[in-house]
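Here is the structure we will look at.
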Amino acid sequence: MNIYELIKKRRSIRKYEPKEIEQDKLERVLDAARLAPSGKNVQGWKFIVVRDPQRKEQLVDACKGQKFMAEADAAVAVAVNEEEVYQGHGNYMTSFAVDGAIALDHLILAATHEGLGTCWIGAFDENKVREILQVPQPYRIVALTPLGYPAQEGRDRGRKSLDEVVVFETWK
Ligand SMILES: Cc1cc2nc3c(=O)[nH]c(=O)nc-3n(C[C@H](O)[C@H](O)[C@H](O)COP(=O)(O)O)c2cc1C
């Protein structure tokens, strides 16, 4: 599968088999996240892998009742140190959310390559996730994903056409 086929194959997966992820696969997927770029190469992230069934159930509650979080073999949360990041991103923001998002996207694409399913989870209560996973300040939780063998293909949710989203040289 080439990179374009891989990008097309990835879908949000919201149903999982109760099958364990092989250790070597898990390590390859996590390593893809580790290799992601970050502002000034600070790499201020932690990837928290949760496999304990009770803890995953707690995450369901912290993720607005999204039950498939506990179905998958693992849940992964990305936390990024809000203070030790590039502070001048675009001259108006810090890069913690960008760094975390790129790393999680690397993980998600690698997981797709390994035949594993994921689903970006942005609907979560940061305070609850922080407490469950004991994430210290000044780390901020950027996103989570279930990670496991898919029990569905996922649906083609469609995308805008290239014409609608690309301009050349200037906006007009
Ligand atoms: C920032 C962000 C937050 C999201 N939060 C959730 C979520 O909490 N729960 C969920 O089921 N899907 C969530 N999604 C997945 C999107 O709904 C999904 O990516 C989009 O509908 C396109 O579908 P696809 O991923 O299958 O291509 C989120 C995606 C992004 C990028």
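Start at 1 with the first residue, then count along the sequence. Whatever order the structure lists them in is the order used to number ligands and atoms, beginning at 1.
- Checked by distance only, ligand 1 and Q66 come closer than 3.5 Å through their nitrogen or oxygen atoms.
- The protein non-hydrogen atom at the shortest distance from atom 3 (C) of ligand 1 is W120 CD1, 3.3 Å.
- Closest to atom 16 (C) of ligand 1 by heavy atom, among R155, R11, R14, R157, is R14.
- A donor atom on one side chain and an acceptor atom on the other are not found under 3.5 Å apart for Q54 and Q58.
- A donor-acceptor pair is defined here as one N or O able to donate and one able to accept, closer than 3.5 Å; no such pair exists between the side chain of T118 and the backbone of P146.
- Clustering ILVMFWY residues whenever any of their side-chain heavy atoms sit less than 4.5 angstrom apart, transitively, puts L147 in a cluster other than the one holding I48.
- Neither the backbone nor the side chain of K8 comes within contact range of ligand 1; no heavy atom lies under 4.0 Å.
- Distances between N or O atoms of C119 and those of ligand 1 include no value under 3.5 Å.
- Considering both main-chain and side-chain atoms, A123 comes within under 3.5 Å of ligand 1 through a nitrogen or oxygen pair.
- Taking a cut-off of under 4.0 Å to the non-hydrogen atoms of R10, the atoms of ligand 1 that pass are 24 (P), 25 (O), 27 (O).
- Placement of M69 and I132 within a single hydrophobic cluster is found when ILVMFWY residues are connected by side-chain heavy-atom separations under 4.5 Å, directly or transitively.
- Closest approach of F68 and Y16 over heavy atoms only: O-CD1, 4.0 Å.
- Looking at residues two or more places apart in sequence or on another chain, you find a side-chain contact (heavy atoms from CB on, under 4.5 Å) between V129 and L59, A62, F124, L133, I141, L144.
- The protein heavy atom nearest to atom 25 (O) of ligand 1 is S12 OG, 2.6 Å.
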List the steps and the verdict of side-chain contact (heavy atoms from CB on, under 4.5 Å) for E126 and V135.
-> CA-CA 10 Å; E126 188 188 30; V135 177; over 6 Å; no
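- With hydrogens left out, the protein atom closest to atom 5 (N) of ligand 1 is G122 N, 2.9 Å, a heavy atom.
- For ligand 1, the atoms closer than 4.0 angstrom to any heavy atom of F68 are 11 (O).
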